[in-house]
2 protein chains.
Amino acid sequence: MLNQTDRIDTLFQALADPTRRMMVERLSRGPASVSELAKPFRMSLPAVVQHLAILEQSGLVKTRKLGRVRTCTIDNSVLSLAETWLNERRQEWERKLDRLETFLAEPEDEEPHNG
Amino acid sequence: MLNQTDRIDTLFQALADPTRRMMVERLSRGPASVSELAKPFRMSLPAVVQHLAILEQSGLVKTRKLGRVRTCTIDNSVLSLAETWLNERRQEWERKLDRLETFLAEPEDEEPHNG
DNA sequence: GCGTTACTTAAGTGCATGCTTAACCAAACC
DNA sequence: GGTTTGGTTAAGCATGCACTTAAGTAACGC
């Protein structure tokens, strides 16, 4: 079973590869079969499928097979999981900066409440 | 020299490790020295510094040395670079879904313009 | 000046990752 | 029913990554 940390882990891991990011970009424009997905790349099909497997494990991509063709779709909710993580960090730091600014602008009659 | 793809590459790569994400979380709450940053972890100091180097290469963290202590700060603009990438993908897919919905809801007198 | 603190450098190790080729399977096509 | 087409399985390989220990440097505190 995968806890939250591990999920974000495999998620960023999945996005860390340029091939996989291109595959995500392709899929954000609409579903595609495995061979469609493979077309832009020079690498072998098994290599592409291995990348796809990693995207699936991360939850970013869902696939289902009909006849002999496997169709791949993106899962937006997982995409936004990463987005949220980044956003939280950024906001925290921005709040920190704001408090610092306020502190510097203020006359010395008030304490900063850090912690 | 690092192009846009490579930058996002090293950026997600940097975020793919739980140790490094925890370091980012720590730094989003305010600057820290190397040894402060290392404190929560069981690993050796050189290991922590290696992680830090990767965070620096990604641009996520800036450091400067004063006397013998190196102080680390987060760079929000780089954080939001990743955020933007994710957001663009998500929005693209959402627009796609909207168009699909519209198409399905509409009577068959109009063409979908997928291309 | 001498120890402690805060890193830094270097070298090595084991395991994960990103490929490859070769062979296989089964739906679709004629 | 034989051949493409679309994908799968398996095995192997080179490189990268996340550590480790050991030894070194340089500022600071007394």
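Since the structure is predicted, the reported quantities are computational estimates derived from the model, not experimental observations. Throughout, protein chains are lettered first and strands after them, A, B, ... in sequence-line order, and every chain is numbered starting at 1. Keep in mind that the numbers below use all heavy atoms, side chains included, and drop hydrogens, waters and symmetry copies.
For the pair A/Leu66 CG and D/dG7 C1', the computed distance is 14 Å after rounding to whole Å. Here the P atom of nucleotide C/dT20 and the CZ atom of A/Arg42 are 11 Å apart, to the nearest Å. Per the geometry, CD belonging to A/Gln50 stands 14 Å off P belonging to D/dA11, to the nearest Å. Put simply, CZ on B/Arg64 is 17 Å from C1' on C/dA6, counting in whole angstrom units. The distance between atom CE of B/Met23 and atom C1' of D/dA18, rounded to the nearest whole Å, is 13 Å. Atom CG in A/Leu55 sits about 14 Å away from atom P in C/dT17, given to the nearest Å. Atom CE in A/Met43 sits roughly 16 Å away from atom C1' in D/dA14 (whole-Å rounding). Per the geometry, CD belonging to B/Glu36 stands 12 Å off C1' belonging to C/dA6, to the nearest Å.
The listed nucleotides are C/dC19, C/dA6, C/dT17; the one nearest the side chain of B/Val69 is C/dA6. Of the listed nucleotides (C/dC19, D/dC19, D/dT8), D/dC19 has the atom at the smallest distance from the side chain of B/Thr19. The side chain of B/Asp17 lies closest to D/dA18 when the candidates are D/dT21, C/dG18, D/dA18. Between C/dT4, D/dA10, C/dT8, one nucleotide has an atom nearer to the side chain of B/Arg68 than all others, and that is C/dT4. Taking only side-chain atoms of B/Lys65, from C-beta outward, the nucleotide of D/dT8, D/dC19, C/dC7 with the closest atom is C/dC7. The side chain of A/Ser33 has D/dG7 as its nearest neighbour among C/dC7, D/dC19, D/dG7. Comparing C/dC19, C/dG18, C/dT8 by their closest approach to the side chain of A/Arg20 singles out C/dG18.
If you check every strand for non-hydrogen atoms under 4.0 Å, A/Ser35 touches sugar and phosphate atoms only. Looking at heavy-atom distances under 4.0 Å, A/Leu45 makes contact with a base.
Tracing side-chain contacts under 4.5 Å through hydrophobic residues (I, L, V, M, F, W, Y), one never reaches A/Val61 starting from A/Ile54; they form parts of separate clusters. In terms of hydrophobic clustering, with Ile, Leu, Val, Met, Phe, Trp and Tyr side chains grouped at heavy-atom distances under 4.5 Å, B/Val69 and B/Val34 are assigned to different clusters.
Taking side-chain N and O atoms only, A/Arg70 has a distance below 4.0 Å to OP1 or OP2 of D/dT8. Within the structure, a side-chain polar atom (N or O) of A/His51 is placed less than 4.0 Å from OP1 or OP2 of C/dC19. B/Ser44 has no side-chain polar atom (N or O) that falls below the 4.0 Å cut-off from OP1 or OP2 of D/dC19.
Contact of the A/Met22 side chain with the A/Phe41 side chain is registered, since non-hydrogen atoms from C-beta on lie closer than 4.5 Å. Side-chain atoms of B/Thr73 and A/Trp93, non-hydrogen and from C-beta on, do get closer than 4.5 Å to each other.
With B/Arg20 contributing its side chain and B/Ala14 its backbone, the two residues share a donor-acceptor pair below 3.5 Å.
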